[in-house]
Each structure stands twice: as structure tokens, then as C-alpha cells.
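One is the number of the first residue; the rest follow in order along the sequence. Note that the coordinates shown come from a computational prediction; the quantities given were computed from them, not determined experimentally. Atoms within each ligand, like the ligands themselves, are counted from 1 in listed order.
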Amino acid sequence: MFARRIAVIGTGYVGLTTGACLASLGHHVVCADIDEAKVTRLNAGQIDILEPGLPELVAEGVAAGRLEFVLGARNAITQPDQPPVEVVFLCVPTPMGEGGAADLAAVQAVANEVRHLLPTNCVIVNKSTVPVGTAETTRKMIGRRDVAVVSNPEFLREGSAVHDFLHPDRIVVGSDSQEAAERVAALYSRLGAPTQLTDAASAEMVKYAANCFLAMKLSYVNALSDLCERLGADVVEVTEGMGYDRRIGANFLSPGPGWGGSCFPKDTHALLEIAKAAGMDFELVAASLSTNATTRARVVDKVRDAAGGSLSGKRIGLLGLTFKAGTDDLRDSPSLAVAELLRAEGAELYGYDPACPVDVPATAGITVVDEPLDMAKDAAALVVLTEWPQFRALDWTALAGVVEAPVVIDTRNLLDPDVLRRAGFAWIGLGRS
Ligand code: UGA
């Protein structure tokens with residue numbers, strides 16, 4: 001029998017995508033959250049996050065009776081008059097705790113809450129990004145011989161999470177119980193993806209290893225773009241030439257204002273802490289973080305230069321506030337980090353973002369406006385920080401008419417310099433000759 005009864009604890013980006021996608025594969029999924037209002041909204045088909053394809057998938061699952069939302073882990077696991085759940089996914093947050101290590105309080109709280117409720121022979125799956133050894137700690141905490149713990153890290157990108165779930169590069173399943181690992185791998189069998197069965201510690205490490213490698217790749221490209229500028233080379237040409245090498249690959253080679261989001265900053269810090277606790281100084285990861293800070297500072301240098309050497313009292317227009325295009329997520333957004341640096345030098349900031357995030361923290365000091373023209377009005381410079389494709393189609397001639405000085409610093413190399421020049425702007429990219 002393929003279809004399984006599954007509980008998913010936590011309905012954030014990962015939990016909700018996992019629940020909806022598993023339901024679309026034919027399983028019966030009950031998703032639990034501790035936020036009552038959110039559960040009510042989800043049951044009414046309202047999704048709080050911007051994730052293409054997710055609302056449709058949730059609606060489909062609910063309509064087919066394969067997906068439901070309940071309050072609290074207990075209600076997901078002990079459903080009266082229903083067959084017992086066979087697999088429980090933990091998809092709760094593991095934010096950066098004190099000193100950079102992952103904070104496992106939510107994982108521990110759920111494990112404690114459910115340990116006596118779990119049906120016989122049920123499998124616990126950890127999808128949250130957790131330090132190596134957490135599967136083992138969770139197994140001990142649950143303390144049940146009949147309940148196996150499996151690590152099954154997610155590799156979902158925000159903004160394409162549904163696509164990534166349904167078309168994965170690989171599925172990694174780690175456990176000291178071969179039978180439990182095979183049972184979890186079988187949940188995904190319809191996807192036909194390469195599947196790696198391994199031990200729990202290695203599966204947990206794969207997630208950090210992949211994210212930190214990608215962060216390192218981006219820091220390398222950002223540093224390279226600096227060097228290209230100094231030497232008169234063009235980073236777009238250079239990365240194209242690099243990308244043809246299949247060992248390097250053409251993806252994830254675009255320079256930007258530094259990497260951010262809810263995962264890379266948290267996971268690089270966590271891996272450094274994990275290494276430190278194991279007696280190792282992981283210099284490459286530390287260097288990726290410091291290069292990321294340098295990249296942001298370099299953007300500020302460019303804006304200051306464009307604004308005539310000082311930012312004090314200058315109005316600066318920011319295009320894009322989210323950490324990347326295609327999401328409304330502001331967590332650890334490079335745009336906000338750059339904004340803070342600009343404001344510290346006395347700039348007055350006006351920001352425009354097509355996703356219209358409402359929760360921009362006051363510390364960034366940005367006046368968020370709904371119209372690009374209001375963002376550009378009297379600006380001494382405009383700065384593209386997020387690679388929203390919509391920015392290419394803005395009326396740049398109209399924008400040139402309202403700015404104080406027509407100069408654009410394009411930290412994503414997103415815009416067509418010729419279009420900008422024809423509209424009357426000076427265009428400054430990153431790493432371009
Ligand atoms: C990342 C990983 O890509 C996922 O595989 C992983 O599952 C996820 O973290 C996670 O751990 O949950 P995500 O944080 O959604 O996904 O964002 P990415 O698309 O990886 O982008 C991260 C940052 O790198 C963004 O700030 C983005 O703008 C930047 N970036 C990305 C670049 O500057 N250049 C690029 O070429 C690509």
C-alpha cells in the first residue's frame with residue numbers, strides 16, 4: 001500500500017509545503033500548528049506566505065479530504081475514529097540561538113509532548129535543520145524502542161518550494177533503522193528522484209554541508225566581482241566561462257549585495273559552532289561570512305561615491321527589500337542590512353518592493369512606499385537590491401524625471417544598461433567592466 005497516514009508538526013514554509021506536497025502524492029496528511037488563528041485560516045484555504053503553487057495544492061488536498069489542519073501536535077497524532085498515524089514529520093523552527101548555535105527548543109518541546117502519544121511502530125522524521133546528533137538525542141528523548149527517528153533534510157528554496165519538493169535533485173534519508181529509512185524513502189517513491197539512504201548523522205550533515213557550500217560559492221563570486229572591477233574584467237563574462245565547467249556548474253554564480261534569507265546566515269553560523277564544539281576552526285565558512293559583510297560594505301561605498309562622497313542628509317531610493325525575488329520574506333535580507341549601513345551614515349531611505357512587505361523592521365529606517373515614483377523622488381541615487389524582474393519594466397524615463405541625480409547602482413546586474421542610459425541614468429553594476 002502506497003498511501004500513508006502522516007502528521008506534520010509545524011506549518012511554516014517547510015511544514016506547509018511538505019504537508020501539501022505529500023497530500024498531492026496521495027498520502028493522508030494532518031498538519032498541526034500551535035497558532036490557532038493560523039489553523040483556522042489554513043482550513044479556510046488562506047495561506048500567509050507567498051509561495052507559487054502552494055495555495056492551489058492546499059485547496060486541492062483539502063477538497064480531496066487528504067489534507068487537514070489541526071491545533072497542536074496532540075490533535076494531529078491522536079485523531080479519534082481514524083487509523084493511527086504511521087509517520088510524524090517535525091517541521092518546527094530551529095532559529096539561531098545564543099552564540100550562533102541552532103536553538104532546538106521547539107524540536108525538544110514537540111518530542112516531549114508527543115512521546116507517549118505516538119502509535120506503536122510509528123516513525124519520527126526530522127525535517128528541520130538540526131545539528132549533527134539531534135536524531136540520536138531525539139531518539140533518547142522519546143525513549144521508545146518501537147519508535148525510530150529518521151533525518152530527512154529539506155532542500156526547498158523559498159519561492160520555488162513546491163517545484164523543488166516535486167522535482168528534487170535528491171532525497172536524503174538517514175537513520176540507524178534501515179526499515180524506518182526505507183519506509184520514509186517510500187513516501188517519495190512516486191517522484192522517481194535519486195535517493196540516498198544513510199546514517200542519521202550524515203544526513204543531518206548533508207544539509208549544513210550543502211547550504212554552507214552554496215554560501216561559500218556566492219561569497220567567492222562576490223569577492224571575484226570586486227577583483228573584476230579592479231582589473232577591468234567583467235564578472236558576468238567570467239562566471240559564464242566558469243559555469244561551462246560541469247564541475248562548477250552555471251547555477252548560483254550571480255553576484256549580489258551579499259547572501260541572506262532564513263537559512264544561509266543561520267546555517268553558516270551554526271556550522272561554525274558545530275565545528276568549534278568538535279575542536280575545529282572551519283576557516284572557509286568563517287571567511288564566507290566575513291566576505292559577505294565586506295560585500296555589503298562595498299555596496300555602501302558605491303552608493304556613497306555615487307552620492308558625491310557623503311550620505312549625510314541624502315535621499316536614497318531602494319528597489320527591493322525582500323532577501324530575493326519571488327518571496328515576501330524579509331528575514332536576514334541583504335537589502336535591510338545595506339539599508340542599516342546607509343542610514344548609519346545619515347541617508348534618508350525610501351523603499352519600494354513589488355511584494356509590499358508590511359513588516360519592515362524600524363531598525364532599517366526605511367519609509368516603504370507603494371509607488372516607484374515616490375521611492376525615486378529627489379533621490380541622490382537609486383539602488384537595486386533585490387532581483388525582481390518587474391524592475392526591468394519600470395518607466396525609467398519617468399523615474400529620471402523625479403530624481404535629484406540620475407544614477408542607479410544595480411547590485412544584481414539586473415537592468416539593461418543601454419535602456420537605463422537612454423532614459424538618462426548613469427548605470428553602475430557589480431563587477432562589470
Ligand atoms: C536555501 C537553499 O538554496 C535551499 O536549498 C535550502 O533548502 C534552503 O536554503 C533552506 O535551508 O531551507 P533559500 O534560503 O530559499 O534556499 O534561498 P536561495 O535561493 O538559496 O538564496 C539565498 C541567498 O543567496 C539570497 O539572498 C539570494 O539572493 C542569494 N543568491 C542566490 C545570490 O546572491 N546569487 C545567486 O546566484 C543565488
Legend entry - Ligand-side contact atoms (ligand 1) for residue partner L253, heavy atom cut-off under 4.0 Å: 36 (O)

Inset, instruction - Considering only non-hydrogen protein atoms, determine which one is nearest to atom 8 (C) of ligand 1 and report residue, atom name and distance to 0.1 Å. - result: L156 O, 3.3 Å

Legend entry - Main-chain N/O of L430 paired to N413 side chain as donor or acceptor, under 3.5 Å: yes

Legend entry - Atom of V238, atom of A233 and distance for their closest heavy-atom approach: CG2-CB, 4.5 Å

Inset, instruction - Before accepting this row, confirm whether a basic side-chain N of the pair K276/E273 lies closer than 4.0 Å to the acidic partner's carboxylate O. - result: yes

Side chains of residues 122-131: which donor-acceptor partners sit under 3.5 Å, not counting sequence neighbours?
{"unit_1": "N126", "atom_1": "OD1", "unit_2": "S128", "atom_2": "N", "d": "3.2"}
{"unit_1": "K127", "atom_1": "NZ", "unit_2": "N152", "atom_2": "O", "d": "3.1"}
{"unit_1": "K127", "atom_1": "NZ", "unit_2": "N152", "atom_2": "OD1", "d": "3.0"}
{"unit_1": "K127", "atom_1": "NZ", "unit_2": "Y188", "atom_2": "OH", "d": "3.2"}
{"unit_1": "S128", "atom_1": "OG", "unit_2": "L90", "atom_2": "O", "d": "3.4"}
{"unit_1": "S128", "atom_1": "OG", "unit_2": "V92", "atom_2": "N", "d": "3.2"}
{"unit_1": "S128", "atom_1": "OG", "unit_2": "V92", "atom_2": "O", "d": "2.8"}
{"unit_1": "T129", "atom_1": "OG1", "unit_2": "K207", "atom_2": "NZ", "d": "3.1"}

Legend entry - Pair R139 + D176: basic N to acidic O under 4.0 Å: yes

Legend entry - atom 20 (O) of ligand 1 [closest protein heavy-atom partner, distance rounded to 0.1 Å]: F252 CZ, 3.2 Å

Legend entry - Nearest-contact summary for atom 10 (C) of ligand 1 - protein heavy atom, Å: C263 SG, 2.8 Å

Legend entry - ligand 1 versus E154: contacting region, heavy-atom distance under 4.0 Å: both

Inset, instruction - Tell me which part of F264 gets within contact of ligand 1: side chain, backbone, both or neither, using heavy atoms under 4.0 Å. - result: side chain

Inset, instruction - Run the numbers for me: atoms of ligand 1, each under 4.0 Å from some heavy atom of K207, listed by number. - result: 7 (O), 10 (C), 11 (O), 12 (O)

Legend entry - N211, any N or O under 3.5 Å of ligand 1 N or O: yes

Inset, instruction - Check ligand 1 against E158 and write out every atom of the ligand that is under 4.0 Å from a heavy-atom position of the residue. - result: 15 (O)

Legend entry - Element-labelled atoms of ligand 1 that are located less than 4.0 Å from some non-hydrogen atom of W259: 23 (C), 24 (O), 26 (O)

Inset, instruction - Mark the output for S254 as yes if a heavy-atom distance to ligand 1 is under 4.0 Å, and as no if none is. - result: yes

Inset, instruction - Would you mind running through ligand 1 and noting each atom that sits below 4.0 Å from a heavy atom of L218? - result: 24 (O), 29 (C), 30 (N), 31 (C), 32 (C), 34 (N), 35 (C), 36 (O), 37 (C)

Legend entry - G260, any N or O under 3.5 Å of ligand 1 N or O: yes

Inset, instruction - For the pair R304 and D301, find out whether any cationic side-chain nitrogen is under 4.0 Å from an anionic carboxylate oxygen. - result: yes

Inset, instruction - Verify the neighbour count for atom CZ of F155: are there more than 12 heavy atoms of other residues, nucleotides or ligands below 6.0 Å? - result: yes

Inset, instruction - Without swapping roles, check the side chain of E68 against the backbone of V30 for a donor-acceptor pair under 3.5 Å. - result: no

Legend entry - Check: R412 N/O within less than 3.5 Å of ligand 1 N/O: yes

Inset, instruction - Drop me the distance from R157's CZ to E51's CD, to the nearest 0.5 angstrom. - result: 10.0 Å

Inset, instruction - Decide whether an N or O pair under 3.5 Å exists between L214 and ligand 1. - result: no

Legend entry - R157 N/O under 3.5 Å from ligand 1 N/O: no

Legend entry - Nearest neighbour of atom 18 (P) of ligand 1 from the list K266, K217, K127, K324, on a heavy-atom basis: K324

Legend entry - Distance-only side-chain donor-acceptor flag, E158 / S262, under 3.5 Å: yes

What side-chain donor-acceptor pairs closer than 3.5 Å can you find for residues 95-115, not counting sequence neighbours?
{"unit_1": "D103", "atom_1": "OD1", "unit_2": "A105", "atom_2": "N", "d": "2.9"}
{"unit_1": "R115", "atom_1": "NE", "unit_2": "M141", "atom_2": "O", "d": "2.9"}

Inset, instruction - Would you mind checking which non-hydrogen protein atom is closest to atom 5 (O) of ligand 1, with the distance to 0.1 Å? - result: F155 O, 3.5 Å

